[in-house]
Amino acid sequence: MIDIPAPLRLRLDGDALVRNWRTLDRMSGTAACGAAIKANGYGLGAAEVARRLADAGCRDFFVSNWQEAADLAPLGLTVSVLHGVREDDMPAATAGFARPVLNTATQVARWKAAGGGTCDVMVDTGMNRLGVSADDIAEGLLGDLRIETLMSHLACADEESPMNATQRDRFATLAGQTSARRMSLANSAGIALSGYAFDLTRPGLALYGGVPRGELGAIRQVVRPEAEILQRRRVRAGDTVGYNAQWTAAEDTEVAILNLGYADGYRRHFTNVGAALASGRVLPVLGRVSMDLVAIDVDAAKDLAEGDWVELDYALPASAAASGLSQYELLTGLGQRFDRVWAAS
Ligand SMILES: *Cc1c(COP(=O)(O)O)cnc(C)c1O
């Protein structure tokens, strides 16, 4: 293989990632703080994220499925698989490199039939997505299971909603009702609510720089997309840029074309809304974001030339507000064409 440097890269700040985990760990009080690293560590790279957090002291990791767990097996971490076990997962699940979070009576039966090693269990407290019910538990469904963590998931932790306290109270009544050694309820936003940490928290978004609630203002940006300038051109007054001529030059304007587009996760929502950053200058996106290209206004940056690099403004709370996308989508959509470059730790 010839090693060709990509024309776009993600700068990933390992110090900020670790500081964010420490912030969340501190805010979790006496509860341990784990890490949700599903969807390839929210797009950053699950193994790279896990290694850094494990070095910092994180002991509990959460992925969605067994392929994700298998990819992490060489690291020898404690990994829980949130979607439980399908029949097809059983060879992996009984191999011992991760444990399932059982969600349904069928999964419980499947796990018991296979010998029923240590597992986790998800109980639904009102989100009506995954999980067994409190009634299932009262009726003895979890009877002979060896449960490490009983968990539930908050539907509205990023809002002031009465549902938060309802879910917490329903969950709290299950303490001591199962063999579980630990109880876990809070995601990133849940950590900012007081009295929701129980024994273990499970942040994802905030580790990676997402800020789902104001109380998490200490969270730092981790991910910075950068792209190379492919061409610089002068667009005459009255001319347009890009597909469907969505931007018209009011006056002669210097424009740079970047090697980045919606196929890389830089979504069309940034059309005429996004910006690049170069030495403190804000360079607005001009016209429609294409699949592989985006145009920016470089009138304020006489120095930038073909072959230079710029950073895209990807501060998550502000970018989400500007684009209408969620902070989760902004992270998990980041594509495979980026070189992922870690700085520090
Ligand atoms: C994704 C996920 C988390 C992490 O949620 P964030 O909002 O990203 O902090 C925690 N628990 C479960 C069950 C999840 O699916």
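Throughout, residue positions are numbered sequentially from 1 according to the sequence presented. Note that the structure is a prediction, hence the values are computed from the model and not measured. When reading the values below, keep in mind they use all heavy atoms of this one structure, side chains included, and skip hydrogens, waters and symmetry mates. Atoms within a ligand are numbered from 1 in the order they appear, just like the ligands themselves.
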If you measure from CG on Asp264 to CG on Asp292, what distance do you get to the nearest 0.5 Å?
-> 6.5 Å
Decide whether an N or O pair under 3.5 Å exists between Ala189 and ligand 1.
-> no
Qualifying residues under side-chain contact (heavy atoms from CB on, under 4.5 Å), relative to Ser290, sequence neighbours excluded | Tyr243, Leu293
Looking at residues at least two apart in the chain, or sitting in another chain, which of them share a side-chain contact (heavy atoms from CB on, under 4.5 Å) with Val273?
-> Ala322
Going by the atom numbers of ligand 1, which of them fall below 4.0 Å from some non-hydrogen atom of Gly204?
-> 4 (C), 6 (P), 8 (O), 9 (O)
Whether Met151 lies under 4.0 Å from ligand 1, heavy atom = no
Quick one: look at His153 and ligand 1, take heavy-atom pairs under 4.0 Å, and tell me if it's side chain, backbone, both or neither.
-> side chain
Think Arg51 forms a cation-pi with Trp342, using NZ or CZ under 6.0 Å from the six-ring centre and within 45 degrees of its axis?
-> no
Proximal atoms of ligand 1 relative to Leu82 (non-hydrogen, under 4.0 Å) = 13 (C), 14 (C), 15 (O)
Considering the heavy atoms of Pro203, write down every atom of ligand 1 situated less than 4.0 Å from one of them.
-> 9 (O)
Check ligand 1 against Leu205 and write out every atom of the ligand that is under 4.0 Å from a heavy-atom position of the residue.
-> 6 (P), 8 (O), 9 (O)
Should the proximity of Tyr328 to ligand 1, defined as any heavy atom under 4.0 Å, be assigned to the side chain, the backbone, both, or neither?
-> side chain
